[in-house]
A.B. asks: 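Sharing a structure, written as structure tokens. Questions coming.
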Amino acid sequence: MKIYEFYTGEGRDMLLRAYDFAKEAHANQKRASGEPYFIHPCAVAEILVDLGLDTATVAGALLHDVIEDTPHTEEEIRREFGDEVLSLVSGVTKLDRIVFKSQEEEEAENFRKIFVAMAKDIRVIIIKLADRLHNMRSLNYLSEERQKKMAQETLDIYAPIAGRLGISQIKCELEDLCLKYLDPEAFEFLVANIHQKLEERNRFVDFVVEEINGILTESGIRGEVFGRPKHFYSIYKKMTTKGKTLDQIYDLTAVRVIVATVDECYEVLGKIHKKWKPIPGRIKDYIATPKPNLYQSLHTTVVTNFGQPFEIQIRTEEMHRTAEYGIAAHWKYKEQRSEETSLDARIAWIREAMEWQGALKDSKEFMDTVKGDLYSEELLVFTPQGKVISLPTDATPIDFAYAIHSEVGNKCTGAKVNGKIVPLGSTLSIGDVVEIITSPGSKGPSRDWLKIVKSSSAKAKIKAFFKKAMKEDNIKLGRSMLEEAAKKRGYALADILTDESFRKVSEKLAFANMDEMFASIGYGAVSTNQVIFKLIDYFRREVPQPVVQQEFHGKLKQGAVTVNGTSGLLVSFAGCCSPVPGDEIVGFVTRGRGIVIHRKDCPNMRCVEAERLQPAEWVAEEGGARFKAAIVVTAAEQGAALAAISGSVSEMKLGITSINGRYDKNENAIIDVTVTLTNRQDVEVLIKKIKSHAKIFDVRRNSN
């Protein structure tokens, strides 16, 4: 077990306890493949062990599905493993606990939630990346539709984030797995054709490695030289974006040279160019100008004496660790970490992205903004002092100004490029020296700049300026809009907006206080619907709502229920637990809604005031009153579940009033169905009938 190999002392003890805890918690669960579910958290933890993550993160990986998929609670995790591990497990769980109305909304909100989680603790997303990697490795057990959906999401969101964090091991494998399911024909073509000439290519690489080793020996430089094949997706991208055939792609294998110092990197580069002719335009110095994910290396493509081109990458040992492990090197190589590779520098772009989000209208705009930064090609320009600034392609002097500082952008009145004054909307080119002209008396940016700038950061900072300038007005407007939205839906804002309900809303939308929420609504950063629906949903869950209300005169009796000690009130049945004859029941005296009948084991009745509960009981009634009961069916396939439900309901001559389907994170089909029946025995018989069908995992009453 790798826990013994890589961890010692208290850390190892905690990981062994987490292993046993998770194994027991998932004991009776299966994956879509039919394998024990516990294989999954173990595999996720192993990926993180190989990356060198700390004990809390590996423990979080072992436990990451426990809260969501087993009866164990957050309090148990805290008691057994402490607040740090609980925070990581809860962070991963929250990423998966949301149901969306549309695919577009799902992707957009998922993107925002990922960045909120990263800003709070970057380790949450590292666990999620490992989780996604293992799920992608076992994707063949899902339907073709779900394979493509998951692969596309991975390619759009998770692989770019792994790349931005510099974790090339995970990024490359995710991209290859995505290609396998999104374009299987291309994937199989690459596998077959690349392997076909593997022996010939290996002989060539061995020749290059031997020649470079000779250069190192002659120069008295100690280093390591080896070949590494390019991953399939990078080759596929070159073929599709540049219209090349496989024979036209000459850098299927990159040769890497690892030396001790930066000076040796440049020395080796010079001697390689002396031996082989470099191809113009193919020399890239990422040591002097690192990539945004802090990747550093010298890249050159040269041609051998017999005309065979190939790529060489030259870097130091520390640069190599950064290239392979990215942000994970912060934990794996703590003792060798320098200021330049500090954790804060690595995640500065995440924190900046979270600063933007308050100025952005909704989740989709936030997603588009961050994606723009994740996917954009780099344009490197310089300040007059020689500092390198990385901007997106076709960036303008305004983008440059905001990349320097928000205030430089806000007070920008002009720009010089290579010593000449140019319009602010001019397009910059690689290597330009840009100087910004500012004025203390500037009133700020123009709204027209939003149409000119290319960088996500500049757009967000311009929007933030206007948001701040109008904050008081926006607070008043936002409050008024929210009050009106509540009124239209039959609520008073004062009733549904409490400290607790605001806390729930801010968990999703990251508001610091109520004024910030009102201002965001007034400015348009979030819509009233995004807030009001969450407030109403929380209010309905906290204050039990009746499904049907009927008024009775004289003796208080509804259907087959009597409630002691009351008269002249409204009586109705709770939708949260759907009591039916035979259930133990209790009457709950609501404020303004009469008495609502609940099952005694209803979760909503656990914490209510005792004086608001009234004894209630079922009594015999002629005419066969009809009641609603909600059940939840878990199955291997949605079609099988629907067939079992409809067949059983039809056989018992019952009625279905509502039915909804979804999938849980284990790819099981979940069907929520409400049926009409006359007594508890009907429910029990129906559950047994549905359970008897093949591919049905579980059937239970819904008490939520």
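Along the sequence shown, the residues carry numbers beginning at 1. Predicted model only: the values in this text are computed from it and were never measured.
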A.B. asks: Drop me the distance from Ile398's CD1 to Lys454's NZ, to the nearest 0.5 angstrom.
C.D. replies: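 Here the interatomic distance stands at 10.5 Å.
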
A.B. asks: Please enumerate all residues that pass side-chain hydrogen bond (donor to acceptor under 3.5 Å, both in side chains) together with Ser501, with sequence neighbours excluded.
C.D. replies: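 Ser501 satisfies side-chain hydrogen bond (donor to acceptor under 3.5 Å, both in side chains) with Thr498 once adjacent residues are dropped.
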
A.B. asks: For Asp515, which residues count as a side-chain hydrogen bond (donor to acceptor under 3.5 Å, both in side chains) partner, sequence neighbours excluded?
C.D. replies: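 With neighbours one apart ignored, the set is empty.
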
A.B. asks: Are a donor atom and an acceptor atom from the side chains of Asn410 and His405 found within less than 3.5 Å of each other?
C.D. replies: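 No, His405 and Asn410 have no side-chain donor paired with an acceptor closer than 3.5 Å.
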
A.B. asks: Once side chain to side chain contact (heavy atoms under 4.5 Å, CB included) is applied, do any residues pair with Thr55, and if so which ones, sequence neighbours excluded?
C.D. replies: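 Testing Thr55 for side chain to side chain contact (heavy atoms under 4.5 Å, CB included), a comparison that skips the adjacent residues, returns Tyr7, Met14, Leu15.
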
A.B. asks: Just jot down the side-chain hydrogen bond (donor to acceptor under 3.5 Å, both in side chains) partners of Ser446, sequence neighbours excluded, or say none.
C.D. replies: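 Per chain and number, Ser446 pairs via side-chain hydrogen bond (donor to acceptor under 3.5 Å, both in side chains) with no residue.
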
A.B. asks: Give, for atom CD of Glu484 and atom CD1 of Ile532, the distance between the pair rounded to the nearest 0.5 Å.
C.D. replies: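 Going from the CD atom of Glu484 to the CD1 atom of Ile532 covers 10.5 Å.
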
A.B. asks: Out of curiosity, Thr383 OG1 to Phe400 CZ, how far, rounded to the nearest 0.5 Å?
C.D. replies: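 Those atoms lie 5.5 Å apart.
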
A.B. asks: Hey, could you give me the CG/CG distance between Leu174 and Asn135, rounded to the nearest 0.5 Å?
C.D. replies: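 So the CG of Leu174 and the CG of Asn135 are separated by 10.5 Å.
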
A.B. asks: Who are the side chain to side chain contact (heavy atoms under 4.5 Å, CB included) partners of Phe502, not counting sequence neighbours?
C.D. replies: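 Side chain to side chain contact (heavy atoms under 4.5 Å, CB included) list for Phe502, sorted by chain: Leu497, Ser506, Phe511, Met514, Met517.
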
A.B. asks: Do Asp69 and His26 meet the criterion of a side-chain donor-acceptor pair at a distance under 3.5 Å?
C.D. replies: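 Checked: Asp69/His26 side chains show no N/O donor-acceptor pair below 3.5 Å.
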
A.B. asks: Indicate every side-chain donor-acceptor pair of residues 75-87 with a distance under 3.5 Å to a residue at least two apart or in another chain.
C.D. replies:
unit_1, atom_1, unit_2, atom_2, d
Glu75, OE1, Arg78, NH1, 2.9
Glu76, OE1, His72, ND1, 2.9
Glu76, OE2, His72, ND1, 3.4
Glu76, OE2, Thr73, N, 3.0
Arg78, NE, Asp83, OD1, 2.8
Glu84, OE2, Arg123, NH1, 2.8
Glu84, OE2, Arg123, NH2, 3.0

